[in-house]
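Report on one structure; see the data block that follows.
Lettering of chains follows the sequences in order, A, B, ..., and the numbering in each one begins at 1.
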Protein chains: 2
Amino acid sequence: MSPMSRNSPALSIKSASVQDYVKVIYTSTEWQDQRVTPSQLAARLGVANSSVTGMVRKLVDLGLAVHQPYQPVELTGEGKALALAMVRRHRLIETFLVQELGYAWDEVHDEAELLEHTVSDTFVDRLSAKLRHPTRDPHGDPIPAADGTVRMPAAHQLGELDPGHTGHIIRISDANPELLRFLSTEEIGLDDRVEVIGHRPFGGSLVVRIGSADRPREIDLGQEATAALWVASDGPHENCLLGS
Amino acid sequence: MSPMSRNSPALSIKSASVQDYVKVIYTSTEWQDQRVTPSQLAARLGVANSSVTGMVRKLVDLGLAVHQPYQPVELTGEGKALALAMVRRHRLIETFLVQELGYAWDEVHDEAELLEHTVSDTFVDRLSAKLRHPTRDPHGDPIPAADGTVRMPAAHQLGELDPGHTGHIIRISDANPELLRFLSTEEIGLDDRVEVIGHRPFGGSLVVRIGSADRPREIDLGQEATAALWVASDGPHENCLLGS
DNA sequence: AAGTAAATTTAGGCATGCCGAAAAAATGGA
DNA sequence: TCCATTTTTTCGGCATGCCTAAATTTACTT
Ligand SMILES: [Mn+2]
Ligand SMILES: [Mn+2]
Ligand SMILES: [Mn+2]
Ligand SMILES: [Mn+2]
């Protein structure tokens, strides 16, 4: 009912669709630096390829993305700033849902996916303060600060590690809620200690030892699980990427 | 991204616009039983009259409203149920913003106006529980229960009362944020005791005594203020309306 | 009863964002 | 190099919900 701008100029004009596209472009290259193609965008957004073509043109017109025909899509500085603002909203809301409203970690994504477009900058600021300015969400994804600063922990997918490797789970992809529920029932969670034991033969599942020293368990994990679990290695600290 | 129904059938299909129209039709007759006309709807929704014509046809097609050409609009049972669900959402969210995020009572309306369409039934349920199932919002408007039950307090506009009348302010219309800010600076709030002293001559402002016995103040209030303040009379309890 | 003003509806149009089908371009293997 | 497959784009169309301008109906005055 009120036509006034509830949000910063960078956010206020953009539609929810624009916000989602930009956010997905950003998150697609957050943990691995493969540029994202239109068909990947279409898959992640649940729209047809032709819809992506049209919206990418719009993003370019808005100065949020750069794109050459038949090439991957990239964000401009402005686009990245918008993406970071959206990611911040999404992850703060997920954190709120878990910490304040008792949601399970597999229930928060869909709710946040809608709320992120609706809350005001004021809401986000006050929510962040109430939650004591958390720096990662329930799945271990980093929450950008209000000024767009992000600290990306150095981490590798569990499936990429060699036998003998030890570390801690510092991120679990929230792309698949079913996987999150599976991990819950297996009592696998953020910050758990993990050691790679070895592979079952012929490309089979990965055997890992999980849990603290007093109650370690050996568990077989399939390809999808080991790709979703990101591990920070023990030992000397690797350097961290500081995003703008 | 998820196409599943996050909400009850009564809510899930309806667009945010449909939800707003139905809610405004309901709230227009909440404190006074004048049926609402299309032009009143247009004014409250901030759209053109012709837009109302089109949407009212849609509401009728959806079975949410009944309407004869050139007549006021009324809700069906189904429409009222949807309206009550939306009013519940709106007022629970307003209460949350004030109690949990430290919003002032003049800041909550616009935020709630958008969030009400975005939160899930689950969110509403858990929010209500966290807030200890409040029965009225920061402005004194009743919050319908999850089953659609509402308890409307018996009250009259302050401007309608005769000199000598005493009571308590049990509702302050949140239609005008500026008025809410004015009342804040005058330290007039919900549940304040009030006594009508008299009218200034020639249709002037109303003189009232406001506040607790230890610190009563006499204040002049204009027409707009006295129309926004709803007073429950002292003395024998009047009967309350129980809505479905 | 007629005329005027207000409210309401109709008609035509626009913006957004989606779709499927078809065309065009890129890719990779033989 | 050429062909087949995949990816991307183009094209036409649809649904929603809004607008303005014009026509219609109603309400009010005289
Ligand atoms: Mn989203
Ligand atoms: Mn997450
Ligand atoms: Mn609304
Ligand atoms: Mn209110």
Next on the checklist: Show, in sequence, the C-alpha distance, side-chain angles and deciding distance for Glu94(A) and His90(A), and conclude whether the side-chain hydrogen bond (donor to acceptor under 3.5 Å, both in side chains) test is met.
Outcome noted: CA-CA 6 Å; Glu94(A) 283 189 345; His90(A) 186 100; 2.9 Å; yes
Checklist entry - How long is the line joining CG of Asp20(A) and P of dC18(C), in whole Å? => result 9 Å
Item to check | Residue whose closest nucleotide on DNA chain C lies nearer the 5' end, His67(B) versus Met55(A) | outcome: His67(B)
Checklist entry - Nearest-Å distance, CG (Leu41(A)) to P (dC18(C))? => result 12 Å
Item to check | Nearest-angstrom distance from the residue atom NE2 of His117(B) to P of dT16(D) | outcome: 17 Å
Item to check | Main-chain N/O of Ala104(A) paired with Glu107(A) side-chain donor or acceptor, under 3.5 Å | outcome: yes
Checklist entry - Among all residues two or more places apart in sequence or in another chain, which pass the side-chain contact (heavy atoms from CB on, under 4.5 Å) test with Ser205(A)? => result Arg200(A), Asp220(A)
Checklist entry - Among all residues two or more places apart in sequence or in another chain, which pass the side-chain contact (heavy atoms from CB on, under 4.5 Å) test with Arg136(B)? => result Leu190(B), Asp191(B)
Item to check | side-chain contact (heavy atoms from CB on, under 4.5 Å) against His199(B), all qualifying residues, sequence neighbours excluded | outcome: Leu206(B)
Checklist outcome for this item: When rounded to whole Å, the NZ to C1' distance for the pair Lys14(B) and dA15(D) reads 17 Å
Anything under 3.5 Å between a protein N or O and an N or O of nucleotides 10-12 of chain C, put it in a table, one pair a line.
from: dT10(C); atom 1: OP2; to: Arg57(B); atom 2: NH2; distance (Å): 2.8

Checklist entry - Nearest-Å distance, CG (Asp61(B)) to P (dA15(D))? => result 14 Å
Checklist entry - Once you build an axis from the first five pairs and another from the last five of the helix from dA1(C)-dT30(D) to dA30(C)-dT1(D), how far apart in angle are they, to 10 degrees? => result 10°
Item to check | Parallel, tilted or perpendicular: ring planes of Trp105(A) versus His139(A), cut at 30 and 60 degrees | outcome: parallel
Next on the checklist: Measure CG/Leu45(B) against P/dC18(D) and give the value in whole Å, please.
Outcome noted: 8 Å
Checklist entry - What is the nucleic acid contact for Ala48(A), judged by heavy atoms within less than 4.0 Å: base, sugar-phosphate only, or nothing? => result sugar-phosphate
Listing time: all N or O pairs from protein to nucleotides 25-29 of chain D that are below 3.5 Å?
from: dT25(D); atom 1: O4'; to: Tyr70(B); atom 2: OH; distance (Å): 3.2

Checklist entry - Where do Asp141(A) and Arg171(A) land on the side-chain contact (heavy atoms from CB on, under 4.5 Å) test, with the steps shown first? => result CA-CA 6 Å; Asp141(A) 280 304; Arg171(A) 188 232 173 186; 2.9 Å; yes
Checklist entry - Expressed in angstrom and rounded to an integer, what is the separation of Gln40(A) atom CD from dT8(D) atom C1'? => result 13 Å
Checklist entry - Going through the checks in order, is the salt bridge (Lys or Arg N to Asp or Glu O under 4.0 Å) test met by Arg6(B) and Asp121(B)? => result CA-CA 7 Å; Arg6(B) 307 184 330 126; Asp121(B) 284 345; over 6 Å; no
Checklist entry - Within the side chain of Arg89(A), is there an N or O that forms a donor-acceptor pair under 3.5 Å with the backbone of Val119(A)? => result yes
Checklist entry - Side chains of His109(A) and Glu113(A): donor-acceptor distance under 3.5 Å anywhere? => result yes
Checklist outcome for this item: For Phe96(A) and Phe123(B), the nearest pair of non-hydrogen atoms, with its separation, is CE2-CE1, 3.9 Å
Next on the checklist: Rounded to whole Å, please give me the gap between OH in Tyr21(A) and C1' in dC18(C).
Outcome noted: 8 Å
Checklist entry - Do any side-chain nitrogens or oxygens of Ser51(B) fall under 4.0 Å of OP1 or OP2 in dC19(D)? => result yes
